[in-house]
Amino acid sequence: MAEQIANPPPGRAALAVRCRDVVESEWFGVTVFALVLANAAVLGVETYDGITARWHGSLKLVEHCFLAVFTAEVVLRAFAHADRPRDFLRDPWNLFDLAVVTLAYLPFARENATVLRLLRLARVVRAARFLPQLRIIIVAVGKSLPGTLSFLLVGTMLLYVYAMTGWVFFADADPEHYGSIGRAALSLFLLITLDGIGDAVHGGLQISRWSLLYYASYVLIGSFVLVNLLIGVVISSLEEARQLEHEREHEHEHEASQQTADGNGEPSCDLRERIATARRALDELEEGLALVGARSAGPEAVIAAAVPPAEPASSGARPAGSPAPT
């Protein structure tokens with residue numbers, strides 16, 4: 001089974017190479033990107049009741065054509081990985097495209113107009129697949145989710161503590177904003193954007209001079225420290241996503257160079273290095289086995305194994321100790 005996966009049948013490998021040439025071509029990406037934008041335009045046109053009522057049949061036919069083209073695209077991308085199917089499933093964009101197209105064929109999606117519209121709207125997001133910078137941003141957003149959750153946890157704790165403090169000190173004097181924990185939390189949440197902070201401070205000073213310390217500490221921690229911390233998490237995730245995109249491009253270039261070398265009938269650099277390393281290991285193994293056998297035979301055999309044999313004397317030379325010719 002492992003050999004079949006590592007060495008796919010020739011027909012499957014040839015099909016994968018042909019489909020891969022089409023999928024990785026520039027015209028294919030431009031065409032699919034244009035179709036995604038055209039689908040988005042059709043979705044926008046359908047929001048006008050007059051156009052929908054007049055051209056309902058034509059718009060429905062156009063929608064079926066879009067679905068057929070996107071289905072053919074996903075199938076073509078799957079065939080491009082016929083020699084290595086697991087690589088197709090490892091790409092998150094391939095899984096997203098497959099899910100969007102597959103769900104459109106399910107009965108519950110066709111019966112529910114709202115779900116069908118959302119699925120059609122998800123196709124517009126596929127435009128990010130063909131824009132590297134936008135793809136990096138989307139990946140960065142996904143990478144920043146763990147840090148964002150930690151930020152939300154810390155922000156919720158801070159908001160709860162200050163809301164309880166505000167309820168204790170300002171509930172009687174300002175019940176509209178601090179009459180309950182919910183109103184106090186909502187008022188403080190709006191103050192994170194510094195919108196209305198002047199009116200809040202002015203009203204707090206009429207209650208107590210200590211309210212200035214309350215609002216100043218909250219603005220310093222909530223608006224400056226936490227927001228800058230969130231920006232730092234997003235920037236760090238953006239750098240990581242950009243690095244992953246560069247590594248992905250290098251992998252594609254390396255695979256293309258290996259395929260070119262294999263197609264020309266010449267082994268790749270890595271294959272040549274592995275062959276040379278294997279040959280050196282075999283030579284060292286033979287020398288070691290020869291020395292071990294010589295040691296077991298005696299010291300003279302060791303010397304004979306270590307010293308290369310002398311070249312045989314030529315036919316015209318006279319051996320030592322032999323009588324001279326008459």
Side-chain angles (χ1 to χ4, degrees), residues 40 44 91-93 95-96 99-100 114 118 121-122 124-250:
D91 191 351
W93 290 104
L95 296 178
F96 177 75
V100 169
T114 303
L118 291 177
L121 184 61
V124 181
V125 184
R126 297 182 64 245
R129 182 191 186 103
F130 308 96
L131 299 175
Q133 296 301 325
L134 184 58
R135 188 167 60 243
I136 290 174
I137 293 176
I138 293 178
V139 174
V141 172
K143 293 287 184 182
S144 63
L145 287 180
T148 304
L149 294 177
S150 300
F151 166 81
L152 292 177
L153 179 60
V154 176
T156 302
M157 293 176 59
L158 177 70
L159 191 64
Y160 182 81
V161 170
Y162 272 85
M164 286 296 297
T165 306
W167 176 78
V168 170
F169 288 102
F170 307 130
D172 297 334
D174 190 4
E176 182 179 358
H177 296 93
Y178 296 95
S180 63
I181 184 65
R183 291 186 177 183
L186 179 60
S187 301
L188 293 175
F189 180 77
L190 297 176
L191 289 180
I192 292 181
T193 61
L194 301 180
D195 185 18
I197 186 64
D199 296 337
V201 172
H202 181 70
L205 288 176
Q206 294 179 356
I207 300 174
S208 173
R209 290 178 297 177
W210 294 100
S211 62
L212 182 62
L213 179 61
Y214 172 80
Y215 286 112
S217 61
Y218 176 74
V219 169
L220 179 63
I221 299 175
S223 298
F224 295 153
V225 176
L226 289 183
V227 173
N228 289 330
L229 179 63
L230 178 61
I231 293 174
V233 170
V234 174
I235 291 177
S236 177
S237 301
L238 186 61
E239 292 296 331
E240 185 179 356
R242 187 177 289 110
Q243 184 177 0
L244 290 176
E245 184 69 20
H246 290 328
E247 292 178 356
R248 180 183 178 184
E249 292 179 357
H250 290 323

Going by heavy atoms in the side chains, are Tyr178 and Asp172 under 4.5 Å from each other? no
Heavy-atom pair of closest approach, residues Ala163 and Ala185: CB-N, 3.8 Å
Look at atom CZ of Phe169 and say whether more than 12 heavy atoms of other residues, nucleotides or ligands are closer to it than 6.0 Å. no
Is there a donor-acceptor contact under 3.5 Å linking the side chains of Asp199 and His202? no
For Ile231, which of Val234, Asn228, Val233 qualifies under side chain to side chain contact (heavy atoms under 4.5 Å, CB included)? Asn228
If you compare all heavy atoms of Ala173 against all heavy atoms of Ile207, which two are closest, and at what distance to 0.1 Å? CB-CD1, 3.5 Å
To the closest 0.5 Å, what do you measure between CD1 (Ile235) and CG (Leu230)? 10.0 Å
Kindly indicate whether the side chain of Tyr218, heavy atoms from C-beta on, has any atom under 4.5 Å from the side chain of Leu159. yes
Looking at every heavy atom in both Ile197 and Tyr215, which two are closest together, and how far apart are they? CD1-CD2, 4.4 Å
Reported CG-to-CD1 distance for the pair Leu186 and Ile181, which is rounded to 0.5 angstrom: 11.5 Å
Rounded distance [0.5 Å steps], OG1 in Thr156 versus CZ in Phe189: 9.5 Å
Kindly assign one of parallel, tilted or perpendicular to the pair Tyr162 and Tyr214, based on the angle between their ring planes and the thresholds 30° and 60°. tilted
Tightest non-hydrogen contact, residues Arg183 and Pro175, listed as NH1-O, 3.2 Å
Could you state the interatomic distance from CG (Leu153) to CG (Leu158), rounded to the nearest 0.5 Å? 11.5 Å
What are the two closest non-hydrogen atoms of Val227 and Gly222, and how far apart are they? CG2-O, 3.7 Å
Check Leu205, Val201, Asp174 against Ser211 for a side chain to side chain contact (heavy atoms under 4.5 Å, CB included) and give me the one that passes. Leu205
Could you report the tightest heavy-atom contact between Thr165 and Val161, atom names first, then the distance? OG1-O, 2.8 Å
Starting at CE of Met164, measure out to CG of Leu188 and round the result to the nearest 0.5 Å. 12.5 Å
